[in-house]
Amino acid sequence: MTTTDRKPRVLSGIQPTSDSFHLGNYLGALRQWVALQDTADAFYCVVDLHAITVDHDPKVLHERSRVSAAQLLALGLDPERCTLFVQSQVPEHPMLGWILGCETGFGEASRMTQFKDKSSKQERTTVGLFTYPVLQAADILLYQTDQVPVGEDQRQHLELSRDLAIRFNGTYGRTFTVPDPYIVKETATIKDLTDPAKKMSKTSSTPKGCLYLLDEPNQMRKKIKGAVTDSDAEVRFDPENKPGLSNLMNIYTALGNTTFEKLEAEYAGRGYGDFKGDLAEVVADSIGPIATRTKEFLADKAELDRILERGAEKARIVASRTLAKAYKKVGFFAPAAL
RNA sequence: AGGGGUGUGGCGCAAUUGGCAGCGCAGCGGCCUCCAAAGCCGAAGGUUGCAGGUUCGAUUCCUGUCACCCCUGCCA
């Protein structure tokens, strides 16, 4: 069963909660997804089930899921080299979620800090938001995932997934692979362009702080040029004293083929204006095409939906096998055929 | 579960007896600045939680409903 030289199975998901992913998503995670297609058996998921844990509009959600998938394809995910699907097309997720929910202690779930964060910001809090990490565990365990790329904010949830896998295996016999965190090569997190103390996020207090992949090139240029800096004029990488500028340098080195040293040398004696102008072009040139390709994918919705359906079918081959095992272990009947 | 309170732009709040829904902050545009910040100028932003009712007219009064907060009770 276990092949020694098989690629590690990797799973990662992203919520379709905005009209466009942003530069922080891209440089922090999505670009990594593209790379992992070659070194891993990668499963990528647009997690629309998770998106309704907070208020949502049905039409908007549906469209965003599609736009999200189109963007993922546009930025380099290849359905031939990875398994890309929308979570709601794979019913095994909530089915396993229920089982895992019954293995999760109430206190254990109560300790999830992201729930505390999010629920305090919502007018009303649903049970769905509370059990979110359990569904996330199902997302992961369903695919016998070896590694999960995680940022700091998801560490606790992955820890829960591991605990549940270990507990379930211990109680019912070996069923799930226990997932390990995949530590992404130290890429600097991209900060809000108007407030480098904060991570770039769609919930930024100002739209200028977050650069979206689907922004018009001129909008991108404007956001880069409007980014906060400092009262100095020296282009030097110094996150302590020059957080705004250093953030821009991070973006520059991530997208352009250059280093901090080269940048410092190149802009020695010149102002931030020049630096920003050049960076704006780098950003527009490298990110701009993603929007163009996204529009192409969206232009043929039937084909896009076919791609997603094929992805879901591939996913279900694995997911249904794991679910069947879990069903049997806990004493359920197999789902009836239609 | 009972009693009370609250619900108005993104946020914090106003609106006399029922009479054109306003203010501050944030956000947006412009000037300034090597760029940005600060400062100055400008424009915009609303189904008053939701559903009914009374009225010529409802943010305001009535009924219902939903959400959140406080008190009491219930449960342990």
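Within every chain, numbering begins at 1; the chains are lettered A, B, ... in the order of the sequence lines, protein sequences first and strands thereafter.
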Interatomic distance at [atom1], [N] relative to [M], whole Å:
N: rC31(B); M: rC35(B); atom1: C1'; answer: 15 Å
N: rG10(B); M: rC70(B); atom1: C1'; answer: 27 Å
N: rC40(B); M: rG57(B); atom1: C1'; answer: 43 Å
N: rC11(B); M: rA26(B); atom1: C1'; answer: 7 Å
N: rU63(B); M: rC20(B); atom1: P; answer: 25 Å
N: rC50(B); M: rG18(B); atom1: P; answer: 22 Å
N: rA76(B); M: rC69(B); atom1: P; answer: 25 Å
N: rU59(B); M: rU17(B); atom1: C1'; answer: 15 Å

Nearest listed nucleotide, side chain of Lys222(A), among rC28(B), rG30(B), rC35(B): rG30(B)
Per Val228(A) side chain, nearest of listed nucleotides rA37(B), rC35(B), rC28(B): rA37(B)
Give [X] one of three labels, base, sugar-phosphate or nothing, depending on what nucleic acid heavy atoms sit under 4.0 Å from its own.
X: Asp55(A); answer: nothing
X: Lys225(A); answer: sugar-phosphate
X: Asp230(A); answer: base
X: Ala227(A); answer: sugar-phosphate
X: Lys242(A); answer: nothing
X: Ser231(A); answer: base

Nucleotide N/O of nucleotides 67-69 of chain B paired with protein N/O under 3.5 Å:
residue, atom, partner, partner atom, Å
rA67(B), O2', Glu123(A), O, 3.4

For Lys223(A), all residues meeting side-chain hydrogen bond (donor to acceptor under 3.5 Å, both in side chains), sequence neighbours excluded: Asp215(A)
With distance as the sole criterion, is a donor-acceptor pair present between the side chains of [X] and [Y] under 3.5 Å?
X: Tyr252(A); Y: Asp278(A); answer: no
X: Gln136(A); Y: Gln154(A); answer: yes
X: Lys208(A); Y: Thr194(A); answer: no

Ring pair (Phe, Tyr, Trp, His ring centres under 6.0 Å) assessment of Phe115(A) paired with His157(A): CA-CA 10 Å; Phe115(A) 171 75; His157(A) 289 175; over 10 Å; no
Parallel, tilted or perpendicular: ring planes of Tyr327(A) versus Phe332(A), cut at 30 and 60 degrees: perpendicular
Aromatic plane relationship, Tyr143(A) with Phe43(A) - under 30° parallel, 30 to 60° tilted, over 60° perpendicular: tilted
Euclidean distance, Asp117(A) CG relative to Asp153(A) CG, rounded to 0.5 Å: 10.0 Å
Separation between CG of Leu77(A) and CD1 of Ile307(A), rounded to the nearest 0.5 Å: 11.5 Å
Comparing Gly209(A) and Tyr272(A) on RNA chain B - which has the more 5′ nearest nucleotide: Gly209(A)
Upstream residue (5' side of RNA chain B) when Ala233(A) and Pro207(A) are each assigned their closest nucleotide: Pro207(A)
To the nearest Å, how far apart are [X] [atom1] and [N] [atom2]?
X: Asp274(A); N: rC35(B); atom1: CG; atom2: C1'; answer: 9 Å
X: Asp192(A); N: rA37(B); atom1: CG; atom2: P; answer: 13 Å
X: Tyr267(A); N: rC34(B); atom1: OH; atom2: P; answer: 19 Å
X: Leu279(A); N: rC34(B); atom1: CG; atom2: C1'; answer: 16 Å
X: Leu193(A); N: rG27(B); atom1: CG; atom2: P; answer: 14 Å
X: Asp232(A); N: rC35(B); atom1: CG; atom2: C1'; answer: 12 Å

Test of ring centre spacing under 6.0 Å for Phe106(A) and Phe130(A): yes
side-chain N/O Lys208(A) vs rG27(B) OP1/OP2, d < 4.0 Å: no
Thr206(A) side-chain N/O to rC28(B) phosphate OP1/OP2 under 4.0 Å: yes
Over 12 foreign heavy atoms within 6.0 Å of CD, Gln122(A): yes
Structure string for RNA chain B in dot-bracket form, Watson-Crick and G-U at under 3.5 Å, | interchain: (((((((..((((.....[..))))..((((.......))))......(((((..]....))))))))))))....
